[in-house]
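Quick notes on the structure that follows.
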Amino acid sequence: MIYTDPKRIILFDTTLRDGEQALPQSLSAREKMQIALALEQLGVDVIETGFPVSSRGDFESVRSIASVLKRAVPCGLSRAVASDIDACAEALKAAERFRIHTFIATSDIHVRDKLRKDFDRILEMGVEAVRRARNYTDDVEFSCEDAGRTPIDHLCRMVEAAIDAGATTVNIPDTVGYTVPEEFGGIITTLFNRVPNIDRAVISVHCHNDLGMATANSITAVQHGARQIECCMNGLGERAGNCSLEEVAMAIKLREKSLGGLYTGINPKQIARTSGLVSKICSEPVPAHKAIVGSNAFAHSSGIHQDGVLKNRETYEILTPESVGFTGNTMRMTARSGRHMIRASLANMGYKDDEYDLNEIYARFLKLADKKGQVFDYDLEALLFCSTLEE
Ligand code: KIV
Ligand code: ZN
């Protein structure tokens, strides 16, 4: 899938593959289908539906998802091994168009200690895998696993050979989340400068979050020419997870101008729903302070912040909760809230200023908040009528 518009960033979601492989329990075919349909609604371009050769169950769920997706392209993962590629094609063939994603590790440590081969053999295996996959589809992605730690000469040779063999997307994973943004951007730039046939493929990145750099590395990569980002909803994935879909999608949307007009096909209003669904189905709670989708991500607690937000939300909100599909009040009434907040909450509930004494209610509110932590609308309303509640 190559978009003609050079500003369009392809979002490749791997919640059902990299995300699922890191869950303590595997998902049922029905649960995977629910997630795939939600991802399609969200506007994801490519959905990595699983690793068909890994189990009969995975094969079947890849097959059923491939047969129902309408707009998103279904993709399956395979090692650079003939039987994996054949299984992938078999599972995906119900789809009108599909992608085979084949990979092999290219870093010295993986080549030597995991695969126990030399780099020239790895190069041959990668090329054979891409050629085999091309017999089934013209949408073939090749990944150089652990690219972030691969000697740059080897990486350039591998990328060039994979493209020559027919790869239409070449993925550069920072498999162990080791690189920092400037360094990762430098790898992408070097590939564009040194690989002669690079314009024939989409360059993709797949960043893990071991040092908390996954989103920053992915954004840096697109600033250096990558046009596909691989990511997971809620940042799920091996170890510290993958680049989080909602973070890159909103970073690209919010910083569109600074990023030279880049955009994705994501419908931001579907983010909250998809995040909630994935969290529930995977039994993986979203951390409260998680960017974009955490329960605290739009909460304002201190009096100074609340006062600012009541006057102009943009003082402390770079995006609104509504813009990513959340509804409801985001102000937290705590002991750090000021009178403005209390007055606004009472006004919201329909109480006029002359119906209560703000100083008196505020003093009682503070006593209650000191004991209780967060105070809710119904507590405040009770304070108006029940003078003993705070005792
Ligand atoms: O992290 C990684 O390198 C992967 C590959 C299979 C793309 O998940
Ligand atoms: Zn990965």
Side-chain angles (χ1 to χ4, degrees), residues 10-23 44-55 58 62 73-81 84-85 87-88 99-111 113-115 122 125-126 129-130 133 139-151 154-155 158-159 162 167-179 184 187-188 191 201-215 217-218 221 226-245 247-248 282 284:
I10 299 165
L11 282 194
F12 172 116
D13 180 278
T14 181
T15 306
L16 293 173
R17 199 276 299 166
D18 212 319
E20 204 250 5
Q21 80 195 33
L23 296 177
V44 163
D45 299 293
V46 185
I47 299 178
E48 190 159 55
T49 52
F51 189 2
V53 86
S54 66
S55 72
D58 217 26
V62 170
V73 175
C75 169
L77 184 70
S78 58
R79 290 166 298 179
V81 170
D84 280 35
I85 295 166
C88 221
R99 175 177 296 188
I100 295 179
H101 176 193
T102 184
F103 76 100
I104 194 161
T106 49
S107 66
D108 288 347
I109 184 168
H110 279 239
V111 170
D113 294 345
K114 184 181 83 172
L115 301 171
I122 295 298
M125 288 172 73
V130 171
D139 189 349
V140 173
E141 172 167 334
F142 176 76
S143 284
C144 310
E145 191 190 10
D146 205 15
R149 293 190 299 173
T150 297
H154 282 180
L155 193 60
M158 187 76 249
V159 170
T168 43
T169 300
V170 176
N171 186 34
I172 309 300
D174 185 18
T175 301
V176 288
Y178 181 68
T179 65
F184 195 59
I187 294 174
I188 304 299
L191 290 173
V202 170
I203 296 304
S204 165
V205 292
H206 174 115
C207 298
H208 279 268
N209 208 27
D210 300 66
L211 293 176
M213 303 281 175
T215 300
N217 280 346
S218 304
R227 284 296 173 266
Q228 175 176 285
I229 296 177
E230 302 198 354
C231 46
C232 287
M233 200 67 222
N234 298 341
L236 295 180
E238 286 281 356
R239 304 179 310 281
N242 283 74
C243 173
S244 133
L245 184 150
E247 291 176 18
V248 277
C282 298
E284 283 285 333

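In this chain, residues are counted from 1 in sequence order. Counting starts at 1 for both ligands and their atoms, following the listed order.
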>> Can you name the atoms of ligand 1, numbered from 1 with element, that are less than 4.0 Å from a heavy atom of H208?
In response: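 Selected atoms, number and element: 1 (O).
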> Near D18, which atoms of ligand 1 are under 4.0 Å from a heavy atom of that residue?
Replying inline: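 Matching atoms, with element in brackets: 8 (O).
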> Are H206 and F12 close enough that some pair of their side-chain heavy atoms sits under 4.5 Å apart?
Replying inline: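 Answer no - side chains too far apart.
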> Can you check whether C231 reaches N242 side chain to side chain, under 4.5 Å on heavy atoms?
Replying inline: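 Sidechains of N242 and C231: no contact.
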Okay, side chain of [X], backbone of [Y]: is any donor-acceptor separation there less than 3.5 Å?
X: S107; Y: T150; answer: no
X: T102; Y: R79; answer: yes
X: D146; Y: A105; answer: no

>> Does the residue E230 have a heavy-atom contact with ligand 1, meaning some pair of atoms that are separated by less than 4.0 Å?
In response: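 Under 4.0 Å: no for E230.
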Between [atom1] on residue [X] and [atom2] on residue [Y], distance to nearest 0.5 Å:
X: T14; Y: Q21; atom1: OG1; atom2: CD; answer: 7.0 Å
X: C75; Y: D45; atom1: SG; atom2: CG; answer: 12.5 Å
X: D13; Y: E48; atom1: CG; atom2: CD; answer: 9.0 Å

>> Under 4.0 Å, heavy-atom basis, I'd like to know which part of T175 is in contact with ligand 1: side chain, backbone, both or neither.
In response: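 For T175, the contact with ligand 1 is made by both the backbone and the side chain.
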>> Under 4.0 Å, heavy-atom basis, I'd like to know which part of E48 is in contact with ligand 1: side chain, backbone, both or neither.
In response: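 The answer is neither.
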>> I'd like to verify the contacts: list protein N, O or S atoms under a distance of 2.8 Å from the Zn ion (ligand 2).
In response: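 Metal shell, protein only: D18 OD2, H206 NE2, H208 NE2.
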> Counting heavy atoms only, which of H206, E145, R17 is nearest atom 6 (C) of ligand 1?
Replying inline: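 It is R17 whose heavy atom sits nearest to atom 6 (C) of ligand 1.
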>> Could you check whether E230 pairs with R17 (Lys NZ or Arg NE/NH1/NH2 to Asp/Glu carboxylate O, under 4.0 Å)?
In response: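 No, no charged N to carboxylate O under 4.0 Å.
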